[in-house]
Amino acid sequence: MRVRISGSCAAAIAVGLLAAAAPGAHAAPPTAGALPASTVTPLIEGLNKPWDVVAAPDGTILTGERRGRFVVRDPNGGIREVRADLSDLYAEGETGLMGLALAADFGTSRTLYSCQGHRGPDGTDIRVQSWTVDPGWTELTRGATVLAGIPVGQGGRHGGCRLFAHPDGSLFVGTGDTAHPQVPQDRNSLGGKVLHIDPDGTPAAGNPDPDSPVFTLGHRNVQGLALRPGTGELYAVEQGTVRDDEVNLLQPGGNYGYRPDRFPFVYDESVPMTDPARVPGAIGAVWSSGAPTLATPGGTFVTGAGWQGWDGALVITSQQQEKLLFLELTADGRSVDETATALEGQFGRLRSVTARPDGALLVTTDNGRDDRVLLVEPAAD
């Protein structure tokens, strides 16, 4: 079923892409205009909390449920479960089978990466795991554990864990702070960070400490990573406390100022998300939600003429306010000129958003029952 959505007419399951463009703090003249009409097509249905979704070069779509299941939709529309050994999966609270990424050379290597909770004789942690995908997309064969030792909190709170496969072959990993007060500022912990590693798990070139995978620190719960087209700029989308979800422009060695340790042994979420008073030199956010939060677990950049003035905008998902939020960044990428919302209240909580090369978006819902992978594409004129 395909549903055409516009700003002026209602449909059975969607009212419209709301073109509520508003100037941001940068106060530049509006340029993006209204969001174009769009169509929404459910591609996979009957899921339970699909945390992420990837699109392969051959048109195959793969998603994974947080409790531990891979599901694929082939280019002809066939849907099936993909066999995989997930016997060591730790799925508790916010942790389980989480971020997915296809290797930059997937066409030849058939390598997939997952970020997932792990439980075994060696303890419980979060790991980046490699897999080899068979040509028919029927089975994933476990490869090496790329990175182990990402901490996991009691009950799985603030597990992260977003993967971004950079075109240069390296991997960026966004992690959560496990709801422990010292973790975000602890350079020896992999929690509350953005990590940068090579496919063998070693620290990537350009890291502030060549012996450490830590790329940036001072984060609460990074669940989105996105590369701005044509710039090389990498952005993190971060879940806030009761206020201030954030979009941050990442700089090697940057400290983004979350420090919830004002009182001994207390995880103090009343502190600011960015606290320059207690974290000198803390880097301010490109965008923050204010209060209340939206709960922002994913982000990507849209491309293509079909998006009209919003070509190149950052789009982030919202669980709490059940919408897509489009952010038109300034030329320098350090603030926001305009915003607009889409799909508000139409499909429930939205978690992951992935851009396809053709400009369409793949969006996963996060309602806990009858979840879907949606195809969102600008409608043809």
Side-chain angles (χ1 to χ4, degrees), residues 1-24 30-45 47 50 52-55 59 61 63 73 75 77 224 226 228-229 235 237 247 287 294-329 336-367 370-381:
M1 176 176 63
R2 293 171 65 89
V3 178
R4 181 184 173 92
I5 302 176
S6 68
S8 59
C9 63
I13 62 170
V15 173
L17 286 177
L18 304 180
T31 58
L35 281 169
S38 179
T39 58
V40 179
T41 308
L43 296 182
I44 307 176
E45 302 185 88
L47 300 169
D52 206 351
V53 60
V54 293
I61 294 168
T63 189
R73 185 183 195 273
R228 190 181 189 188
Y235 290 80
V237 181
V247 172
W287 170 89
L294 313 183
T296 50
T300 193
F301 283 90
V302 295
T303 58
W307 293 105
Q308 299 175 19
W310 295 90
D311 180 11
L314 176 65
V315 56
I316 60 179
T317 50
S318 166
Q319 295 165 304
Q320 208 159 277
Q321 296 195 8
E322 302 182 350
K323 65 184 180 182
L324 295 179
L325 178 65
F326 285 70
L327 305 178
E328 178 68 17
L329 302 181
V336 173
D337 271 340
E338 298 179 69
T339 67
T341 59
L343 308 187
E344 188 164 6
Q346 302 309 305
F347 297 96
R349 293 160 57 90
L350 304 181
R351 172 171 285 281
S352 171
V353 57
T354 300
R356 294 198 320 190
D358 64 0
L361 299 174
L362 298 172
V363 178
T364 66
T365 68
D366 185 49
N367 300 308
D370 296 326
D371 282 315
R372 301 184 250 189
V373 174
L374 305 172
L375 176 68
V376 181
E377 42 191 349
D381 292 335

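In what follows, every heavy atom counts, from backbone to side chain, and hydrogens, waters and symmetry copies are set aside. Position 1 is the first residue of the sequence, and the numbers go up from there. Nothing here was measured: the structure is a model prediction, and the numbers come from that model.
In this structure, Asp311 contributes its side chain and Trp307 its backbone to no donor-acceptor pair below 3.5 Å. Using modelled atom types, no side-chain atom of Glu344 and backbone atom of Ala342 make a donor-acceptor pair closer than 3.5 Å. Of the possible donor and acceptor atoms, none in the side chain of Asp52 sits under 3.5 Å from a partner among the backbone N and O of Thr354. Using a distance-only test at 3.5 Å, with no hydrogens or angles considered, a donor-acceptor pair links the side chain of Glu338 to the main chain of Ala32. When atom types are taken as modelled, the side chain of Ser38 and the backbone of Val376 share no donor-acceptor pair closer than 3.5 angstrom.
Among residue pairs with one or both ends in residues 353-363, those qualifying as salt bridge (Lys or Arg N to Asp or Glu O under 4.0 Å) are Arg356-Asp358; sequence neighbours excluded.
Put simply, CD1 on Ile316 and CG on Leu327 are 5.0 Å apart, with the number rounded to the nearest 0.5 Å. Going from atom CZ of Arg73 over to atom CG of Leu362 covers 10.0 Å, rounded to the nearest 0.5 Å. Distance check: Arg228 CZ to Thr303 OG1 gives 13.0 Å after rounding to the nearest 0.5 Å. Atom CD1 in Ile44 sits 10.5 Å away from atom OG1 in Thr364 (nearest 0.5 Å). To the nearest 0.5 Å, atoms CD (Gln320) and CG (Leu294) are separated by 7.5 Å. For the atom pair Leu47 CG and Thr63 OG1, the distance stands at 6.0 Å (nearest 0.5 Å).
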Test side chain to side chain contact (heavy atoms under 4.5 Å, CB included) applied to Val40 and Phe347, step by step:
CA-CA 10 Å; Val40 179; Phe347 297 96; 3.6 Å; yes
Evaluate the side chain to side chain contact (heavy atoms under 4.5 Å, CB included) criterion for residues Leu324 and Thr317: first the C-alpha distance (whole Å), next the side-chain angles of each, then the deciding distance (0.1 Å), finally the verdict.
CA-CA 5 Å; Leu324 295 179; Thr317 50; 3.7 Å; yes
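Note: Phe326 and Trp310 have perpendicular aromatic rings, judged against thresholds of 30 and 60 degrees for the angle between ring planes.
Scored by the side chain to side chain donor-acceptor pair (under 3.5 Å) test, Thr296 finds no partners at all (sequence neighbours excluded).
At a threshold of 4.5 Å between non-hydrogen side-chain atoms, the residues Thr365 and Leu350 count as touching.
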